[in-house]
Asker: 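Provided herewith is a single structure, encoded as structure tokens, for subsequent inquiry.
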Amino acid sequence: MLDISFAKPSLPSSGALALLLAEEDVPGALGPWDEATAGALRRGLEAAAFTGKKGQTATLLAPGGGLAKIVAIGLGPRASLDAKGREAAGGAAAAALAKEEKAVLDARLAGGAEAAAEVALGAVLRHWRFDKYRTTEKPEDKPKLSALPVLTEEAAKAKAAFAPRKAVAEGVFFTREVVSEPPNVLTPAEFAERCKGLEKLGLAVEVMGPKELRKLGFGAMLGVAQGSANEPRMVVLRWEGAKKKGAKPLCFIGKGVTFDTGGISIKPAAGMEDMKWDMAGAGTVAGLMAALAGRKAKVDAVGLLGLVENMPSGTAQRPGDVVKTASGQTVEVINTDAEGRLVLADVMHYAQDRFGPRLMVDLATLTGAIIIALGHEHAGLFSNNEELAQQIVAAGEAVGEHCWRMPLGEEYDKKLKSDIADMKNVGGRDGGAITAAQFLQRFVQGRGTDKATPWAHLDIAGTAWTTKDHATVPKGATAFGVRLLDRLVAEHYEG
Amino acid sequence: MRLRPRPGGAPEGRPLILPLRGAAPPPFAEAAAAAGFDAAKGEALRLFLPREAVLVGCGDGSPAALLRAGAAGLRALWPQDRAAPERVAMDVRGFAPADAALLAEGALIATWTPPVPRAEPWPSPPRRLDLLCGEEEALRPALEAAEAVAEGVRLARDLVALPGNLLPPRAFADRLAALEEADLAVEVIGPKRLARMGAGGLCAVGGAATSGPYLVTLRWRGSIPADPVVFVGKGITFDTGGVCVKPAKGMEEMRADMAGAAAAAGAMLALARRRSSAPAAAVLAIAENALGAASCRPGDVLRMLDGRSVEVVDTDAEGRLVLADALAHARRVLRPAAMVTLATLTGSVVVALGHHRAGLFGSDPPLMAALAAAGEATGERLWPLPIGERHRRDLESDIADLRHCVPAGKGEGWGGRFLPDACHAAAFLREFAGDVPWGHLDIAGVESLAQAGPFGPKGMPSGFGVRLLDRLVARHFEDPHRL
């Protein structure tokens with residue numbers, strides 16, 4: 001992680017300087033920097049037509065005063081500047097300074113201590129890079145920035161405000177890392193092993209293998225796993241941070257298909273490499289648990305990961321197979337590529353049986369249909385609970401991880417009717433993300449009554465990975481959901 | 001079939017439809033019990049003793065369930081292999097007038113048969129349906145409205161059912177011109193004038209066909225001095241896909257690619273028939289997306305009616321091109337208070353929502369909420385979908401002001417297979433709606449019946465949109481003080 005420190009303002013006499021400027025600050029409030037550069041800053045910004053517009057950047061080389069460069073970053077009008085805007089500006093600064101050996105970021109014009117912490121969060125989130133497998137990259141092509149002092153009048157307060165954010169960023173990075181790892185490295189066993197490493201944060205981590213899963217009656221999940229040489233795992237991560245003991249915990253459940261070939265219903269070759277991130281739901285839940293533990297959240301939460309690899313082989317499950325889920329309901333497997341819901345069915349049932357949770361949120365890169373429905377800007381949100389759904393949408397807006405509510409209904413559920421078992425695992429192409437959610441809902445205990453477990457399902461197939469850089473999310477694994485659910489917990493379920 | 005309110009009990013010797021929300025009444029209780037009849041399941045049960053009757057369950061009592069119950073009741077009395085009895089009765093005592101009207105409307109809609117000539121004609125439906133009620137006067141206005149709306153639905157279904165050869169653009173325009181009979185003002189703009197006007201989208205899409213394109217405006221003056229609500233409909237009489245030709249499988253369904261225009265026309269007829277006080281208009285873009293020497297090509301750049309240039313990527317995404325010109329024309333000529341586009345626009349919306357809801361997009365939250373509410377009230381249900389910043393950004397073109405869709409296979413990730421085309425289409429249309437409050441219904445997937453039932457066989461037109469638009473107008477545009 002980029003090493004962030006907070007410092008009282010002082011004029012650096014070398015290296016690079018990033019300046020965050022609102023529209024009101026240009027050219028009036030350039031102050032000491034303009035003096036230090038003998039007016040060059042003002043002249044340079046004028047020549048670059050820099051107005052402080054949101055997202056605008058201008059780079060001035062050799063501006064004087066010993067500085068190598070000044071990067072000016074626009075915050076937009078101060079009245080509409082919010083946390084997301086400050087994070088984005090921090091992200092833009094990190095991107096602009098990545099190749100510098102020495103740089104400082106002046107965040108004073110973005111606000112006080114909280115603002116400085118938000119800017120810093122944006123910077124670390126953007127600066128993250130996954131390059132452990134690049135062995136021949138030339139040093140000059142690598143990012144050099146390793147530390148970034150952030151200038152603020154309230155350095156001590158900013159440091160305190162940054163601490164919980166740093167913990168969340170650590171969670172995000174855990175997620176991004178496991179999602180980025182190639183599938184030959186990150187098998188279910190290896191994923192579980194890395195989760196074990198989170199014990200140092202105070203999480204209780206249990207790992208269960210095929211023997212335990214058989215005992216639990218996880219017929220659906222084992223059916224998916226049976227084609228692979230890599231054994232399945234279920235990981236249970238527990239965080240007990242609530243002041244009051246014995247309260248019902250929150251359960252977060254992640255789909256963790258470490259590689260999804262589609263199985264016997266094999267996928268087309270083009271783009272199949274993307275299926276290494278078919279474990280992003282589980283990766284997100286693990287990262288979320290790391291974030292909650294890292295910032296010592298006052299909540300009892302349980303993360304459950306269903307980890308399998310979906311391979312075609314002589315032992316793989318076939319279309320037509322009937323499997324018995326842990327809930328006792330039977331499923332006719334029509335398409336072996338609709339495997340995520342089979343894994344989730346067993347894990348969701350187990351989570352409710354064992355923990356009787358206050359609520360349950362599952363995350364899964366579940367369907368292509370959700371991308372055809374919504375694209376890559378919103379995750380699909382399905383829920384049986386109005387209040388929970390609204391809380392999730394609001395938390396997503398606050399951190400820039402947008403969710404869009406999708407419908408559920410009997411008419412969709414009917415499409416899962418099987419001639420031989422309690423249900424099929426697919427309901428056809430039309431409304432494909434909805435029928436997938438209907439399938440999951442069949443494993444929500446008390447469904448259809450007012451005692452139903454409050455449940456939300458996030459279909460993150462379109463948002464777990466990005467092919468473009470965004471303000472605080474570099475190209476690649478996004479960790480979509482970690483910050484959203486951390487915010488959900490912080491806003492509504494702590495104390 | 002005509003509806004007639006009739007106070008009092010069931011006349012002897014006439015088949016009776018008995019809609020039920022609970023247990024069957026005494027003379028039928030035993031038979032109902034013997035058959036295991038459950039009103040909540042919405043089934044119909046035909047009985048011959050103690051008299052000829054159909055018990056029909058009202059399901060969950062929702063508007064959709066009532067409409068369906070009315071239809072199921074009528075259908076049970078009228079098997080398709082023989083002519084129906086001349087007069088039938090439905091006992092709606094105990095139902096509120098609005099619910100009784102829904103039952104009657106369902107029965108009326110169920111009398112529809114395809115308008116295509118056959119040597120062996122469709123058996124005729126009953127000529128009259130008596131609605132047994134307490135007070136005749138309380139029911140009459142609701143029944144009149146139901147008849148008006150059902151006539152609109154009938155028109156829409158007739159138009160959609162007609163295949164490409166029987167309803168080419170020219171014939172469609174003629175059918176619409178005939179609506180002058182209903183006191184609608186009709187203006188038909190033909191291909192020459194469209195070319196002169198610069199309707200580049202409509203002309204490019206319709207250029208290869210043997211007739212058309214047309215831009216048809218239907219206007220209902222109403223009695224309130226206000227700007228009209230304007231329905232803008234996609235009327236592709238047949239969609240081959242053009243140069244980007246569709247696969248053969250299922251192509252016959254493309255006769256229904258004018259269902260948006262048909263629904264808009266049906267709604268206008270309904271408003272006229274019930275003498276709505278609200279001023280309203282429909283602008284219908286009518287063309288055949290044919291494959292020929294004059295077809296437009298992928299890569300073509302069109303100059304649209306509003307002056308903007310559009311790069312054509314996929315000629316099978318033609319609906320948004322004709323709608324763009326229709327929206328521009330509506331804005332220019334009609335000063336709309338609000339615009340609603342209706343179109344069988346994308347396969348993407350079917351993947352998103354299946355066959356049970358249409359996609360709802362728009363720029364104006366109050367209008368969108370009104371549309372969604374009208375959908376719930378009529379059982380023509382909608383679900384909102386987003387137009388995100390990135391959907392708009394995806395339409396940036398390297399050569400023109402914008403492109404109309406994203407090339408196949410150029411999606412982000414997953415081998416580029418998955419494109420949010422319904423969102424892209426809506427983002428495209430929004431550009432042409434300007435600052436007029438605008439809502440958009442992508443009705444692909446709901447324009448035809450998803451399964452066989454009392455409204456007809458699977459694949460026949462549903463008339464989706466007519467009842468919803470009529471309700472939208474009744475609820476939101478007939479208030480004289482809305483200015």
Asker: Regarding A/Glu397 and A/His402, do their side chains bring together a donor and an acceptor under 3.5 Å, going by distance alone?
Answerer: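 A donor-acceptor contact under 3.5 Å links the two side chains.
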
Asker: Quick check on A/Thr466 against chain B: is it the side chain, the backbone, both or neither that has a heavy atom closer than 4.5 Å?
Answerer: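 Backbone plus side chain of A/Thr466, per the 4.5 Å heavy-atom cut-off to chain B.
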
Asker: Please state whether the side chain, the backbone, both or neither of A/Ala461 comes within less than 4.5 Å of a heavy atom of chain B.
Answerer: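 A/Ala461 touches chain B through backbone and side-chain heavy atoms alike.
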
Asker: Applying side chain to side chain donor-acceptor pair (under 3.5 Å) as the test, list every pair that has at least one member in residues 442-454 of chain B; sequence neighbours left out.
Answerer: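 Passing the test, one end in residues 442-454 of chain B: B/Thr346-B/Asp442.
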
Asker: Counting heavy-atom pairs under 4.5 Å to chain B, which of A/Asp274, A/Ile372, A/Thr435 comes out on top?
Answerer: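 Winner by heavy-atom pair count: A/Ile372.
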
Asker: Tell me every residue that passes side-chain hydrogen bond (donor to acceptor under 3.5 Å, both in side chains) with A/Asp430, counting only those two or more places apart in sequence or in another chain.
Answerer: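 For A/Asp430 the side-chain hydrogen bond (donor to acceptor under 3.5 Å, both in side chains) partners, ignoring immediate neighbours, are B/His355.
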
Asker: Measure A/Met272 against the heavy atoms of chain B and call it side chain, backbone, both or neither at under 4.5 Å.
Answerer: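 Nothing of A/Met272, per the 4.5 Å heavy-atom cut-off to chain B.
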
Asker: Given a strict heavy-atom distance threshold of 4.5 Å, which part of B/Leu353 is in contact with chain A: side chain, backbone, both, or neither?
Answerer: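 Both backbone and side chain.
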
Asker: Using non-hydrogen atoms and a 4.5 Å limit, figure out which bit of B/Arg357 sits close to chain A: side chain, backbone, both or neither.
Answerer: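 For B/Arg357, heavy atoms of backbone and side chain both lie under 4.5 Å from chain A.
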
Asker: By a 4.5 Å heavy-atom criterion (distance strictly below it), what part of A/His376 contacts chain B: side chain, backbone, both, or neither?
Answerer: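 Both backbone and side chain.
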
Asker: Between A/Thr261 and A/Asn310, is any side-chain donor less than 3.5 angstrom from a side-chain acceptor?
Answerer: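 Distance-only check fails for A/Thr261 and A/Asn310.
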
Asker: Looking at CD of A/Glu177 and CH2 of A/Trp128, how far apart are the two atoms once the value is rounded to the nearest 0.5 Å?
Answerer: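 The CH2 atom of A/Trp128 is 6.5 Å from CD of A/Glu177, to the nearest 0.5 Å.
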
Asker: In terms of heavy-atom proximity below 4.5 Å to chain B, should A/Ile371 be classed as side chain, backbone, both, or neither?
Answerer: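 Contact with chain B: backbone and side chain both.
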
Asker: Just by distance, do the side chain of A/Thr472 and the backbone of A/Gly91 share a donor-acceptor pair under 3.5 Å?
Answerer: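 No; judged by distance alone, with no hydrogens or angles, the pair does not exist.
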
Asker: Go through A/Ala433, A/Pro407, A/Gly427, A/Pro268 and name the one with the most non-hydrogen pairs under 4.5 angstrom from chain B.
Answerer: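 Most heavy-atom pairs within the cutoff with chain B belong to A/Pro407.
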
Asker: Any side-chain to backbone donor/acceptor pair from A/Thr336 onto A/Ile264? Under 3.5 Å, distance only.
Answerer: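 Side chain of A/Thr336 to backbone of A/Ile264, a donor-acceptor pair under 3.5 Å: yes, one is there.
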
